[in-house]
Amino acid sequence: MEWQISQLSQTNALNIANTWHYEGVYAFYDMQADPEDYEEIITPSQRKDRYYQVLKDDKLLGYLVIEPINERMGIYELGLGLSPARTGNGLGEQFVNFIIDFLIQNFQITELIFNVVGFNIRAQKVYQKVGAKPTRKYKQKTNQSTYTFIEMRKTFN
């Protein structure tokens with residue numbers, strides 16, 4: 001199985017935005033649940049060069065978005081999504097580690113920030129397995145409601 005990361009194509013951006021639908025409470029992650037997220041992912045000028053696709057054997061497996069918080073100091077926020085067909089199958093740790101390796105090779109990373117909605121215990125466990133530690137809880141309005149989020153950070157030497 002060969003994995004690769006490249007800039008998110010418009011075709012795959014539209015695929016994620018329009019066809020990826022998660023089960024139950026995880027529908028929170030459907031792009032159509034948040035009009036701002038939807039517009040950002042489908043509009044190249046809003047995506048800029050921050051969105052990447054993760055392919056496995058040339059098929060879309062997931063995506064990531066890297067947002068500089070303090071580029072000079074190497075601090076970035078990482079958002080990611082795994083195909084709904086692949087979630088809950090034990091692939092998360094490998095997926096996140098593959099992305100982290102890519103980021104280390106292509107960015108001057110000293111710290112990664114993961115922000116995860118409080119109910120997503122699966123993601124929190126994956127982030128802990130790759131070395132991220134919870135640093136704070138906060139509330140944020142999104143998807144027509146207010147949710148508790150957990151900020152997790154992973155530092156690099």
Side-chain angles (χ1 to χ4, degrees), residues 2-23 25-87 91-92 94-120 123 126-127 130 132 135-136 138-156:
E2 185 173 327
W3 292 36
Q4 54 189 195
I5 295 178
S6 57
Q7 288 292 150
L8 181 61
S9 70
Q10 183 65 15
T11 299
N12 282 337
L14 291 170
N15 180 10
I16 293 164
N18 295 318
T19 68
W20 282 21
H21 299 293
Y22 297 89
E23 296 285 324
V25 295
Y26 297 103
F28 171 88
Y29 292 105
D30 291 3
M31 285 292 170
Q32 294 168 347
D34 185 322
E36 287 178 18
D37 288 347
Y38 180 84
E39 282 304 314
E40 183 173 299
I41 199 168
I42 68 165
T43 308
S45 63
Q46 288 187 38
R47 278 197 318 267
K48 301 181 183 168
D49 61 354
R50 300 181 328 240
Y51 279 78
Y52 295 84
Q53 58 196 12
V54 181
L55 305 176
K56 179 183 170 218
D57 299 327
D58 295 323
K59 292 189 176 103
L60 184 62
L61 178 64
Y63 72 93
L64 67 113
V65 58
I66 184 86
E67 185 74 43
I69 301 301
N70 186 329
E71 203 165 0
R72 184 179 60 77
M73 302 226 8
I75 302 170
Y76 293 84
E77 181 178 344
L78 177 62
L80 47 85
L82 186 61
S83 164
R86 302 306 210 106
T87 60
L91 190 62
Q94 183 181 6
F95 179 70
V96 175
N97 277 325
F98 183 74
I99 289 169
I100 289 172
D101 289 345
F102 169 81
L103 295 174
I104 289 169
Q105 293 171 22
N106 292 280
F107 295 85
Q108 298 297 319
I109 302 276
T110 61
E111 186 171 36
L112 281 177
I113 301 168
F114 303 87
N115 289 297
V116 60
V117 69
F119 66 75
N120 192 345
V126 168
Y127 298 151
V130 302
T135 52
R136 71 181 177 110
Y138 62 96
K139 295 207 179 281
Q140 181 173 317
K141 290 183 179 185
T142 187
N143 297 30
Q144 295 85 42
S145 192
T146 301
Y147 292 88
T148 299
F149 279 78
I150 311 297
E151 176 188 88
M152 301 179 77
R153 292 179 178 244
K154 176 176 174 61
T155 56
F156 301 85

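This structure is a prediction, so every number in the text was calculated from the model and none was measured. Residues take their numbers from the sequence shown, with the count starting at 1.
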Query - Close side-chain approach of Val54 and Leu80, heavy atoms under 4.5 Å - result: no
Original post:
For Arg72, does the CZ atom sit with more than 12 other heavy atoms under 6.0 Å from it, leaving out its own atoms?
Top reply: no
For Tyr29 and Val117, the nearest pair of non-hydrogen atoms, with its separation, is OH-CG1, 3.1 Å
Check your understanding: Any chance CD of Gln108 has more than 12 other-residue heavy atoms, nucleotides or ligands included, within less than 6.0 Å?
Key -> no
*Would you say the side-chain atoms of Asn12 pair up with the backbone N or O of Leu8, donor to acceptor, closer than 3.5 Å?*
no
*asked:* Taking the side chain as everything from C-beta on, heavy atoms only, tell me whether Val116 gets closer than 4.5 Å to Phe114.
replied: no
* **Neighbour count above 12 (heavy atom, 6.0 Å) for Glu36 CD** => no
Separation between CG (Leu103) and CD1 (Ile66), nearest 0.5 Å, reads 4.5 Å
dist Ile41:CD1 -> Ile16:CD1 (nearest 0.5 Å) comes out at 4.5 Å
Residue set satisfying salt bridge (Lys or Arg N to Asp or Glu O under 4.0 Å) with Arg153, at least two apart, ordered chain then number -> Glu111, Glu151
In terms of heavy-atom contacts, Gln144 and Ala33 come closest through OE1-O, 3.6 Å
Taken to the nearest 0.5 Å, the spacing of Leu112 CG from Tyr127 OH works out to 10.5 Å
Taking every heavy atom of Ala13 against every heavy atom of Ile42, the minimum-distance pair comes out as O-CG2, 4.5 Å
Rounded to the nearest 0.5 Å, the CZ atom of Phe149 sits from the CZ atom of Phe119 at a distance of 8.0 Å
Hits for salt bridge (Lys or Arg N to Asp or Glu O under 4.0 Å) against Arg50, two or more places apart or cross-chain, chain-then-number order -> Glu40, Glu67
Can you list the steps and then say if Asp101 with Trp3 is a side chain to side chain contact (heavy atoms under 4.5 Å, CB included)? CA-CA 12 Å; Asp101 289 345; Trp3 292 36; over 6 Å; no
Specify whether Tyr63 and Tyr51 have parallel, tilted or perpendicular ring planes, treating 30° as the upper limit for parallel and 60° as the lower limit for perpendicular. parallel
Notebook entry, point to check: Is a side-chain donor-acceptor pair under 3.5 Å present for Asp30 with Tyr38?
Noted result: no
The reported gap from NZ in Lys59 to CZ in Arg86 (rounded to nearest 0.5 angstrom) is 9.5 Å
Evaluation steps, side chain to side chain contact (heavy atoms under 4.5 Å, CB included), between Phe98 and Ile5 = CA-CA 9 Å; Phe98 183 74; Ile5 295 178; 3.4 Å; yes
So CG of Asp37 and CD of Gln32: to nearest 0.5 Å the spacing works out to 12.0 Å
- [ ] Using distance alone, with no hydrogens and no angle criterion, decide if Lys139 and Thr148 have a side-chain donor and acceptor under 3.5 Å apart.
- [x] yes
Review point. Are any non-hydrogen side-chain atoms of Phe156 and Ile100 less than 4.5 angstrom apart?
Key: yes
Of all heavy-atom pairs linking Pro44 and Gln10, the shortest is CG-OE1, 3.3 Å
Check whether any side-chain heavy atom of Thr142 sits under 4.5 Å from a side-chain heavy atom of Phe28, and report yes or no. yes
